[in-house]
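Structure record follows, encoded as structure tokens.
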Protein chains: 2
Amino acid sequence: MCAAYLQVSIVYNQYIMIKEFLEKNEDLTACPVRDIMDRVSDKWSLLILVVLDEYGTLRFHQISNLLSAISQKVLTSTLKTLEADGLIARQVYPEVPPRVEYSITAIGSSLIPAVKALTDWAEVHMPAIKASRAAFKKR
Amino acid sequence: MCAAYLQVSIVYNQYIMIKEFLEKNEDLTACPVRDIMDRVSDKWSLLILVVLDEYGTLRFHQISNLLSAISQKVLTSTLKTLEADGLIARQVYPEVPPRVEYSITAIGSSLIPAVKALTDWAEVHMPAIKASRAAFKKR
DNA sequence: CGGAATCCTTGCCGATACTG
DNA sequence: CAGTATCGGCAAGGATTCCG
């Protein structure tokens with residue numbers, strides 16, 4: 001049972017979970033890391049947060065234009081999950097034709113600096129990683 | 001052409017790319033963020049880095065035992081890409097039966113604190129996110 | 001205008017069997 | 001022991017069409 005718990009813990013909670021579990025057998029059922037990782041690392045969520053952070057408030061088709069490679073379906077679903085998580089706000093104006101405006105929330109914009117640590121690391125180390133990949137390939 | 005370039009830029013480079021592009025039309029062909037995001041956020045890479053960081057050096061089946069939910073095939077391929085990126089080192093001892101030891105590299109362990117910023121954010125904000133999800137659901 | 005509904009492709013991941 | 005080889009499931013993402 002303990003083994004099963006460890007296993008589940010590791011799978012679903014990644015970084016914090018395993019560090020703490022390896023030190024002491026704590027109850028870590030609410031560890032959120034994997035969850036957030038999934039959100040941050042899907043194809044478009046972070047990018048939408050960034051454009052909203054940059055531009056302030058945007059309408060649906062404005063985001064669509066800025067990220068012209070995204071399909072409407074994916075944009076819709078991504079916006080919906082971001083809204084559900086409270087990272088962006090959705091304002092509907094009951095007009096004809098309809099108008100919907102999206103903006104980043106306080107919690108959403110607080111995520112951006114956290115991501116910045118990772119992007120900074122990536123900028124610094126990417127040359128080494130590319131070199132390593134090239135060397136590995138021709139082996 | 002500029003539009004196409006913007007599009008490609010945004011798709012492949014996420015955070016830094018778009019921020020810089022929105023400010024000035026720079027050449028940002030080597031922006032690595034998306035790439036690193038993919039690596040960090042796949043199902044097992046980060047976890048392997050963490051156990052190697054915790055335990056020092058481990059053999060193949062030791063990692064397999066620690067992360068008992070991972071299949072051999074996936075463990076093999078994940079280790080291979082981590083090695084190709086230079087984030088872990090692979091040492092083969094020409095014995096019978098064979099012995100292979102994995103350890104984290106300096107660059108690999110430097111990634112962990114960067115991820116920590118994200119995991120810290122997740123720990124702090126997950127309660128609010130969970131509450132937001134629950135409220136969104138019953139709407 | 002801002003979606004919803006549908007169908008389809010792709011790629012990650014897992015299970016199983018086999019090997020130097 | 002430390003892998004390789006093969007098959008297959010499943011969910012994310014994309015293309016297209018339709019709607020209030």
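In this text the structure is predicted, and so the values were computed from the model without any measurement.
Atom C1' of nucleotide dC1(C) and atom CD1 of I63(A) are separated by 13 Å, given to the nearest angstrom. A straight line from CD of Q72(A) to C1' of dC19(D) spans 12 Å, rounded to a whole angstrom. Here the P atom of nucleotide dT4(D) and the CG atom of L79(B) are 10 Å apart, to the nearest Å. Between I70(B) atom CD1 and dC12(C) atom P there is a gap of 14 Å when expressed in whole angstrom units. Going from atom CG of L47(A) over to atom P of dG13(D) covers 13 Å, rounded to whole Å. Remark: P of dC1(D) and CG of L75(B) are 14 Å apart, rounded to the nearest angstrom. What separates CG of N65(B) from P of dG3(D) is a distance of 14 Å, to the nearest Å. Following rounding to the nearest Å, L67(B) (CG) and dC13(C) (P) show an atom-to-atom distance of 13 Å.
Panel note: side chain T57(A), backbone E101(A); no donor-acceptor pair is recorded below 3.5 Å. In this structure, the side chain of T78(A) engages the main chain of V74(A) through a donor-acceptor pair within 3.5 Å. Judged purely by atom type and a 3.5 angstrom limit, T76(B) uses its side chain to pair as donor or acceptor with the backbone of Q72(B).
Between dC1(D) and Y102(B), no contact under 4.0 Å exists linking OP1 or OP2 to a side-chain N or O. Considering only side-chain N and O atoms, R59(A) lies nowhere under 4.0 angstrom from the phosphate OP1 or OP2 of dC1(C). When the side-chain nitrogen and oxygen atoms of K80(B) are compared with OP1 and OP2 of dT4(D), one or more of them lie within a distance under 4.0 Å. Applying the 4.0 Å criterion to OP1 and OP2 of dG3(C), one finds that R99(A) has every side-chain N and O outside that range.
The base of dG13(D) does not come close enough to the side chain of K43(A) for any donor and acceptor atom to sit less than 3.5 Å apart.
Judged by closest nucleotide on DNA chain D, P98(B) is the one of T78(A) and P98(B) placed further toward the 5' end. Both S71(B) and R90(A) sit near DNA chain C, but only R90(A) has its closest nucleotide nearer the 5' end. The residue among F60(B) and K73(A) whose nearest nucleotide of DNA chain D lies closer to the 5′ end is F60(B).
T76(B) comes within contact range of at least one nucleobase, with a heavy-atom separation under 4.0 Å.
Counting only heavy atoms from C-beta outward, the side chains of L58(B) and L66(B) approach each other to under 4.5 Å.
Note that OG of S71(A) is 8.5 Å distant from CH2 of W44(A), once rounded to the nearest 0.5 Å.
Which of dG3(C), dT4(D), dG14(C) sits closest to the side chain of W44(B) comes down to dG14(C).
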